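Report on the structure given below.
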Number of protein chains: 2
Amino acid sequence: MDRQLTQRGEERRRQLMAYATSRFAENGFHPTSVAEITEGMGVGKGVFYWYFDSKEALLRAILADAQLDLRRRQRAALADAATPSERIERGIRASMRWSIDHADYFRLFQFAATDERFSDGLRKGESVAVKDAATQLRAAMDAGEIAPGDPVLLSHALLGVHTHLVHLVHRGVLEPTDEVIDTAVSFCLHGLLGRR
Amino acid sequence: MDRQLTQRGEERRRQLMAYATSRFAENGFHPTSVAEITEGMGVGKGVFYWYFDSKEALLRAILADAQLDLRRRQRAALADAATPSERIERGIRASMRWSIDHADYFRLFQFAATDERFSDGLRKGESVAVKDAATQLRAAMDAGEIAPGDPVLLSHALLGVHTHLVHLVHRGVLEPTDEVIDTAVSFCLHGLLGRR
DNA sequence: GGCCCACTTGACCGATCGGTCAAGTGGGGC
DNA sequence: GCCCCACTTGACCGATCGGTCAAGTGGGCC
């Protein structure tokens with residue numbers, strides 16, 4: 001769907017994505033109908049299909065946007081870090097903060113990971129982030145900052161800690177304080193440190 | 001739905017749950033229709049509603065069964081462990097092995113966690129397991145085996161590593177070898193060990 | 001052999017789904 | 001002032017959904 005959009009059109013497209021994001025996050029993707037989205041916005045159903053090929057295409061667009069935003073934040077966080085292990089720590093902190101700040105996007109990621117129709121799209125973004133992290137881990141190993149091991153596997157371990165703790169924050173089990181992030185960072189860094 | 005079931009009835013019920021488990025795991029819960037299940041089994045639709053109140057009730061029953069099985073395995077693993085940290089290690093290993101062996105159940109857990117209609121049921125089981133783990137962590141802290149910290153938060157960190165790595169095994173990113181489990185255990189134990 | 005009831009069948013129900021489309025509407029450029 | 005085309009409307013489509021139910025069927029117990 002490559003349409004010539006006016007400024008007003010772009011705005012409408014953004015509105016649709018924003019509203020759909022909140023509905024999908026709250027109700028789930030499958031249980032939320034296109035009619036529910038358009039009626040909730042007070043527009044005709046045709047508006048939806050003017051901007052998106054399908055409900056599936058809409059979610060894909062939302063996920064792509066979210067991934068782009070997350071990646072931006074991650075890259076910015078690494079900008080002025082000196083050592084590899086400092087980069088690792090900043091990466092963890094930035095990712096957790098972003099995920100805590102963007103509960104709706106986070107929930108959509110979680111859902112998308114369970115559905116083959118969408119998970120492939122996530123994989124690419126995830127694997128890029130993991131490769132980046134693995135590069136930092138390798139550098140840290142070479143510098144003797146952390147114990148040797150499979151960098152990719154360990155990157156995923158970091159991701160696992162990040163994902164699960166953020167999930168708890170959104171469930172209200174944990175308060176969204178820096179203490180959670182600090183604990184995660186400490187746990188991860190010591191986990192990487194290994195025996196010495 | 002509390003029906004008087006004959007042996008044949010119990011068997012049919014088990015068949016339904018087994019077949020539905022594989023369909024839900026492969027296609028997703030919402031996209032899999034009741035008709036798809038009954039037709040796939042070659043039985044009339046009424047059979048389904050003889051044994052279950054609704055599609056939702058079926059998934060709930062499946063999840064409850066799976067949780068019971070997991071918990072059994074976890075408890076068995078802790079039986080002959082001497083120290084708290086040994087119990088922690090065995091708990092992690094048992095959970096990971098079970099999750100790797102039961103890909104379908106694991107996928108359903110992942111989905112259920114994203115849907116409010118089912119996640120509440122999971123919470124209870126999860127919180128019991130986490131409380132148990134936290135108790136072990138507290139004991140290990142008191143025994144000076146690991147660094148002090150919030151036991152519940154740290155239990156969840158362990159759970160996060162477990163979940164994410166198992167997920168990768170099921171995605172085919174990692175081989176289901178002991179190396180994955182060994183790395184997870186090592187990462188977690190050193191993460192708990194902390195500075196000293 | 002006959003009866004009971006656990007079990008099975010599949011047509012049927014109203015609701016709702018994702019998606020289409022012919023008929024407008026209205027704002028910006030000329 | 002008019003025209004073009006981006007945008008909007010909402011009735012409508014066929015398909016499919018979860019769930020119901022009256023009518024059987026057949027195995028086990030007396």
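For the numbers below, each heavy atom of this structure counts, side chains included, while hydrogens, waters and symmetry mates do not. The structure displayed is predicted, hence computed values, not measured ones. Here is how names work: the chains are called A, B, and so on, in the same order as the sequence lines, proteins then strands, and each is numbered from 1.
Phe52(B) comes within 4.0 angstrom of nothing in the nucleic acid, heavy atoms only. When heavy atoms are screened at a 4.0 angstrom cut-off, Gly46(B) is found touching base atoms of the nucleic acid. Within the 4.0 angstrom heavy-atom criterion, only backbone atoms of the sugar-phosphate kind lie near Arg8(A); the bases stay farther away. The residue Lys45(B) sits close to a base: some heavy atom pair falls under 4.0 Å.
Taking the centre of each ring, Phe118(B) and Phe29(B) come in below the 6.0 Å mark.
The distance from the CD atom of Glu56(A) to the CZ atom of Arg117(A) is 6.5 Å, given to the nearest 0.5 Å.
The base-pairing partner of dA23(C), taking Watson-Crick or G-U wobble contacts with both distances under 3.5 Å, is dT8(D).
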Quick one: do His167(B) and Arg171(B) satisfy side-chain contact (heavy atoms from CB on, under 4.5 Å)? Show the steps, please. CA-CA 6 Å; His167(B) 190 180; Arg171(B) 273 166 53 187; 3.5 Å; yes
Tyr51(B) and Met17(B): side-chain contact (heavy atoms from CB on, under 4.5 Å), yes or no, with the steps? CA-CA 10 Å; Tyr51(B) 295 100; Met17(B) 289 175 70; over 6 Å; no
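Look at CZ on Arg12(B): it is 22 Å from P on dC5(C), rounded to the nearest Å.
Between Asp178(B) and Arg93(B) there is no salt bridge, since no side-chain nitrogen of the basic residue lies less than 4.0 Å from a carboxylate oxygen of the acidic one.
In this structure, Thr32(A) and Val47(A) both approach DNA chain C, and ranking their closest nucleotides by distance from the 5' end singles out Thr32(A).
Using a 30° and 60° split on the angle between ring planes, His30(A) and His30(B) fall in the tilted class, from 30° to 60°.
Where DNA chain D meets chain B (any atom under 4.0 Å from a heavy atom), the bounding nucleotides read 5' to 3' are dC17(D) to dC21(D).
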